[in-house]
There are 2 protein chains.
Amino acid sequence: MRQYRIFNQEDAVAYAREAAQLGPELVLQGAEIGDGNLNQVFKVCQPGQVTGWIVKQALPYIRCIGDSWPLTRDRARIEAEILLQHGQCCPEFTVAVLHHDASLSAMLLEDLSELQVWRQALLNGEHFADAPVQLGEYLAQVHVHSSDFRLDYQAQQAARIQFANPELMSISEAVYFVDPFCDHERNNVAAGIRNDAELLWADQALKVRVAKLKHDFRCKGQALLHGDLHTGSVMVGAGKLKVIDAEFGGYGPMGFDVGVLIANLLLNLCSQNSPPPQRQRIKDVQAFWQSFHAQFFLLASQTADPALAEPDYITVFLRQVWQDALGYAGCEMIRRTLGVAHVADIDNIADPEQKIASQRHALALGRALIMHAEQLDDAELEKIALG
Amino acid sequence: MRQYRIFNQEDAVAYAREAAQLGPELVLQGAEIGDGNLNQVFKVCQPGQVTGWIVKQALPYIRCIGDSWPLTRDRARIEAEILLQHGQCCPEFTVAVLHHDASLSAMLLEDLSELQVWRQALLNGEHFADAPVQLGEYLAQVHVHSSDFRLDYQAQQAARIQFANPELMSISEAVYFVDPFCDHERNNVAAGIRNDAELLWADQALKVRVAKLKHDFRCKGQALLHGDLHTGSVMVGAGKLKVIDAEFGGYGPMGFDVGVLIANLLLNLCSQNSPPPQRQRIKDVQAFWQSFHAQFFLLASQTADPALAEPDYITVFLRQVWQDALGYAGCEMIRRTLGVAHVADIDNIADPEQKIASQRHALALGRALIMHAEQLDDAELEKIALG
């Protein structure tokens with residue numbers, strides 16, 4: 001077992017050299033490229049080369065806050081194991097983990113420099129038509145393969161223990177279901193929507209529904225979630241798609257992953273001020289859900305469990321996943337507007353009035369998704385999203 | 001660590017002597033008194049004394065089948081830890097674990113010889129008016145204290161791992177949700193109700209609902225369940241009540257424990273051929289649920305979690321527990337009629353026609369509970385139960 005140390009560039013290069021078995025003669029350079037909140041990320045490559053390797057290392061605290069907020073380094077081991085597990089189910093759309101070392105809290109990942117972050121592409125007005133369909137396939141694969149449609153009781157219980165991730169999932173619980181629904185010091189509420197926030201904090205009916213979503217997030221252990229499937233966790237380009245950053249993963253309700261992705265497409269919708277891109281985001285949501293639904297139905301139908309094999313059951317089951325997803329989408333839209341972590345789609349809007357209007361749209365749409373989850377199909381979603 | 005051996009009477013006496021620190025001079029005798037399917041149970045006492053100690057030991061296989069069906073001995077450690085945990089929440093109504101030894105798969109329990117098994121009391125026509133109310137209090141205590149109303153994310157996740165009981169809960173999964181809903185070789189279907197069973201096995205709408213109950217049993221980890229709360233796991237007498245036999249416990253849906261108890265009262269109802277005891281069983285069910293509901297509401301209201309503290313949420317939550325309970329009650333009634341393990345209430349009926357009528361009543365009522373769980377309150381339950 002190696003002694004943990006916080007990597008500098010040379011450490012990252014040395015780790016990559018050994019982990020990728022590159023030999024001492026190869027000239028390599030490293031650079032820290034991380035822009036995330038939690039970890040260090042280095043790109044290691046030969047001088048002059050575009051593509052090399054990525055070294056990701058967990059720090060014993062939250063990077064953007066510092067050592068005043070300690071956080072288990074074991075998240076690196078958990079993330080690597082989740083990515084490997086998801087990669088077994090869906091290698092096409094999961095970033096490849098080439099090596100990982102639990103004692104160093106480090107992993108070597110394939111370098112995806114030829115791709116771009118989907119959120120950035122959306123910000124640039126670029127449209128990747130295949131991405132929603134590919135993500136639907138990805139999510140159906142990783143969800144079904146870790147669910148009771150595939151695993152017997154004992155195998156699923158073992159997976160729940162292997163991938164237990166209480167420290168990071170308790171952060172999700174706080175930032176999704178607690179902070180944004182009260183006047184919490186961690187929140188980041190723009191002055192222009194303070195009144196809207198206060199109305200929301202006083203909305204008892206909404207809070208009853210959020211309490212159920214919070215309960216289910218913790219107690220409804222259906223599948224091994226990605227846990228943070230926003231458009232910044234998806235790399236796209238040239239027909240390819242790769243999902244990255246699974247450190248918030250663990251067993252939870254399938255609707256959570258589905259809903260977080262839908263919400264991030266709808267947050268982009270709220271940031272747009274013209275109908276064509278807004279309509280395109282709705283089409284993206286519909287394509288994503290229809291792809292997920294079709295692929296899930298196909299995979300779940302192949303279950304070896306006779307009690308779950310009824311086709312009508314899979315339909316009923318997926319209807320509940322959709323309803324859960326709308327609730328979680330609503331929470332994500334609200335927490336990205338009032339909570340500690342916003343999205344660039346809206347935060348980057350230069351015009352102050354348009355930014356406030358977008359935030360207000362996000363809050364209203366988020367609330368509507370939570371309150372009307374049982375009544376909305378993906379066509380009706382279009383009506384309330386476009387207003 | 002002790003070397004495991006299958007206890008004979010002398011071993012049980014020696015274990016009790018040491019575990020209870022009784023000293024070598026005390027004369028003790030032991031006798032095997034177990035009538036269960038899984039374990040050895042010895043009573044150890046001084047000659048001429050009525051009350052002594054109980055030694056319960058797990059065998060490495062299922063006792064009533066033999067070593068052809070191996071089963072983890074770790075169930076003894078899990079059961080002891082569950083009973084201790086439940087005893088912390090509700091010492092009044094939980095059998096006391098005085099000592100346990102994981103390597104011997106043995107535990108020393110308080111001797112409840114002055115009490116009788118509640119099922120036997122019901123068979124004898126004895127009425128213990130306090131028992132349903134006491135059980136409602138017991139179950140509310142053990143459920144709330146292991147739920148998110150009391151535990152934060154990390155504490156609850158740790159409890160899920162500590163009490164993980166996949167081998168025994170997978171047996172429950174099979175005997176509740178798979179076997180009784182198909183023509184399984186483990187089933188025990190009386191010739192007189194074969195036609196009823198075949199109609200039930202062809203009932204697609206029923207099977208879709210049972211699939212959801214099966215999924216929730218595995219994936220809805222709300223509280224540390226007793227896991228086998230039938231009237232044979234409850235000792236009553238002289239105003240006292242003690243719950244025993246928690247080896248099927250683990251995290252699962254609260255409605256499962258509630259429903260199993262309700263089902264066993266309704267199975268007794270189905271075994272009766274006169275209205276007064278039938279009405280009394282309905283009153284028992286209502287008293288149990290009302291006690292559970294009131295105590296649960298009180299305890300849950302004291303949550304430190306601001307997101308769960310809305311009184312309306314607790315009401316909504318308990319409505320769902322009730323609906324889940326009716327579904328699980330239906331499964332218990334059906335599996336105790338068609339499955340491997342029946343109940344004495346009906347199996348002991350001497351008259352063949354009355355026995356068939358009781359089994360048919362149990363099947364019909366079980367099916368109705370599963371199909372109409374959303375529409376039945378505890379008053380309407382009376383109508384469909386009495387027909």
Side-chain angles (χ1 to χ4, degrees), chain A residues 147-149 151-158 160-161 164-174 176-179 181-182 184 204-223 250-254 305-317 320, chain B residues 147-149 151-158 160-161 164-174 176-179 181-182 184 204-223 250-254 305-317 320:
Chain A
S147 78
D148 53 356
F149 287 106
L151 302 180
D152 69 18
Y153 197 106
Q154 299 191 51
Q156 196 178 30
Q157 181 68 272
R160 283 205 181 90
I161 293 173
N165 194 5
E167 276 203 53
L168 274 81
M169 291 187 93
S170 70
I171 294 175
S172 295
E173 187 177 86
Y176 274 89
F177 308 114
V178 181
D179 300 3
F181 297 97
C182 63
H184 198 282
Q204 301 297 308
L206 180 72
K207 288 163 89 166
V208 168
R209 284 174 167 265
V210 171
K212 173 159 171 47
L213 291 162
K214 174 177 184 291
H215 173 82
D216 285 353
F217 178 71
R218 196 198 284 193
C219 298
K220 199 170 184 172
Q222 297 182 309
Y251 266 81
M254 297 175 183
D305 186 332
L308 304 182
E310 299 287 338
D312 284 353
Y313 171 62
I314 305 174
T315 303
V316 167
F317 183 85
Q320 186 62 55
Chain B
S147 77
D148 52 356
F149 287 106
L151 303 180
D152 69 19
Y153 197 105
Q154 298 190 50
Q156 195 177 32
Q157 181 69 272
R160 281 205 184 90
I161 293 174
N165 194 5
E167 275 201 57
L168 273 81
M169 290 187 93
S170 70
I171 293 175
S172 295
E173 187 178 86
Y176 275 89
F177 309 113
V178 181
D179 300 2
F181 298 96
C182 64
H184 198 281
Q204 301 298 307
L206 180 72
K207 290 164 88 167
V208 168
R209 282 173 168 265
V210 171
K212 172 159 171 46
L213 291 162
K214 175 177 184 290
H215 172 82
D216 284 354
F217 178 72
R218 196 198 283 193
C219 298
K220 199 169 183 171
Q222 296 182 309
Y251 266 82
M254 297 175 182
D305 186 331
L308 303 182
E310 298 288 339
D312 284 354
Y313 171 63
I314 304 173
T315 303
V316 167
F317 183 85
Q320 186 63 55

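In what follows, every chain begins at residue 1, and chains take the letters A, B, ... in the order their sequences are listed.
The minimum heavy-atom distance linking Ala307(B) with Ala211(A) is given by the pair O-CB, 3.2 Å.
Ion pairing of Lys214(A) with Asp148(B) is absent here, as no side-chain N (NZ or NE/NH1/NH2) approaches a carboxylate O to less than 4.0 Å.
Contact count against chain B (heavy-atom pairs under 4.5 Å) is highest for His215(A) among His215(A), Gln157(A), Arg160(A). Of the listed residues Ala223(A), Cys182(A), Gly221(A), Ala155(A), the one with more heavy-atom pairs under 4.5 angstrom with chain B than any other is Gly221(A). In terms of heavy-atom pairs under 4.5 Å with chain A, the best-connected choice from Val178(B), Val316(B), Asp305(B) is Asp305(B).
In this structure, the portions of Glu167(B) lying under 4.5 Å from any heavy atom of chain A include both its backbone and its side chain. Interface remark: Phe317(A) contributes side-chain atoms only to the contact with chain B (heavy atom separation under 4.5 Å). Contacts of Val210(B) with chain A are absent, with no heavy-atom separation under 4.5 Å from either backbone or side chain. Asp216(B) does not touch chain A: none of its heavy atoms, backbone or side chain, sits under 4.5 Å away. The contact between Glu173(B) and chain A is made entirely by side chain atoms (from C-beta outward), counting heavy-atom distances below 4.5 Å.
The distance from atom NZ of Lys212(B) to atom OH of Tyr313(A), rounded to the nearest 0.5 Å, is 7.0 Å. Distance CG/Leu206(B) to CD/Glu310(A): 10.0 Å, rounded to 0.5 Å. Between the CE atom in Met254(B) and the SG atom in Cys219(A) there is a gap of 7.5 Å [rounded to 0.5 Å]. In this structure, the separation between CE on Met169(A) and OH on Tyr153(B) is 4.0 Å, given to the nearest 0.5 Å. With values rounded to the nearest 0.5 angstrom, Phe177(A) atom CZ is found 11.0 Å from Leu308(B) atom CG.
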